[in-house]
Amino acid sequence: MRRSIAAGNWKMNGLRENFNDILLIDAASENVNCDVILCVPDTLIREMSEKTKNIFSGGQNCHIEASGAFTGDISAEMIKDAGASHVIVGHSERRVNYNENNNLIKSKAQTALNEGLKAIICIGETLKERDTGITLDIIKKQLLDSLPQEITGETIIIAYEPVWAIGTGLTPTIEQITEVHDFIRAELENNYGKKIGHSVNILYGGSMNAKNAHEISAIENVDGGLVGGASLKAESFIPIINALNLN
Ligand code: 13P
């Protein structure tokens, strides 16, 4: 039985003065029937992991090496050392802005697993890819080429984030989300076996908010959400946690 996940991705947002939102989100996450994960900037991970009780702490990216001459980068080992349990890899903003390809993302995910972090691996098509009818081909390639060889539901989370839905206020229809999530589930089961494929959480991400969270997360193969903008404030993220808590 998969447990729902409400995950927030703060991206490059969040100063220590925003810490109260983290504390409010933590307080609201007590006794909920879903896991709450906040992926904050690296600068906040240590304090968050020390001062919260009910939420998981996550990073947003990691290098494939544990240490070395990589100015400005951070390793999975460092994120773990700061108190994180999760790390996002392969977000479309990194795929596009830093030319991260599936191969690199696979290595990052493997490094995260080696360090004992749970990897949240993001995949998703652009609008052009959707319009040309190749969404499922793109999803299949990103999925199978970005996933480490050995996965379990305990080590990996998939986030389906259509690039055109991120930060735009646009969301796919329920039918479109259902189609892609069912497809990802089938691919996981075909390639990793029914038991493992069934156990992996598949999150939806892209303009999720308090209004649409319940309907989207009620879809059979949607096991929660990866939320950007609406996760930044307690007042907008807590209603999403509550909506996921119902499913
Ligand atoms: P928005 O919720 O702001 O659309 O962002 C989604 C996202 O990119 C989460 O990783």
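The structure presented is a predicted model; accordingly, all values stated were derived computationally and were not measured. Atoms within each ligand, like the ligands themselves, are counted from 1 in listed order.
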Pi-cation contact, Tyr98 with Arg94 (under 6.0 Å, within 45°) = yes

Hey, is Arg185 close enough to Glu220 for a salt bridge, meaning N to O under 4.0 Å?
-> no

Lys194 with Glu189: basic N within carboxylate O range, under 4.0 Å = yes

Please work out whether the ring planes of Tyr204 and His181 are parallel, tilted or perpendicular, with thresholds of 30° and 60°.
-> tilted

Looking only at heavy atoms of Ala165, does any of them come nearer than 4.0 Å to an atom of ligand 1?
-> yes

Salt bridge or not for Arg16 and Glu47, using N-O below 4.0 Å?
-> yes

Should the pair Arg95-Glu100 be classified as a salt bridge under the 4.0 Å nitrogen-to-oxygen rule?
-> no

Lys/Arg-Asp/Glu bridge criterion (N-O < 4.0 Å) met for Arg2, Asp35 | no

Numbered in order shown, the ligand 1 atoms found under 4.0 Å of a heavy atom of Leu226 are 9 (C), 10 (O)

Which residue and non-hydrogen atom of the protein lie closest to atom 3 (O) of ligand 1, and at what distance in Å?
-> Gly229 N, 2.8 Å

Note the single closest protein heavy atom to atom 9 (C) of ligand 1, along with its residue, its atom name and the distance in Å.
-> Glu161 OE2, 2.8 Å

Atoms of ligand 1, numbered as shown, that sit under 4.0 Å from any heavy atom of Gly206 = 4 (O), 6 (C)

Min N/O separation Ser207 to ligand 1 under 3.5 Å | yes

Give yes if a backbone or side-chain nitrogen or oxygen of Asn9 is under 3.5 Å from a nitrogen or oxygen of ligand 1, and no if not.
-> yes

Decide whether the shortest distance between a heavy atom of Ala230 and an atom of ligand 1 is less than 4.0 Å.
-> no

Candidates Gly167, Gly228, Gly225; heavy atom nearest atom 4 (O) of ligand 1 found on Gly167

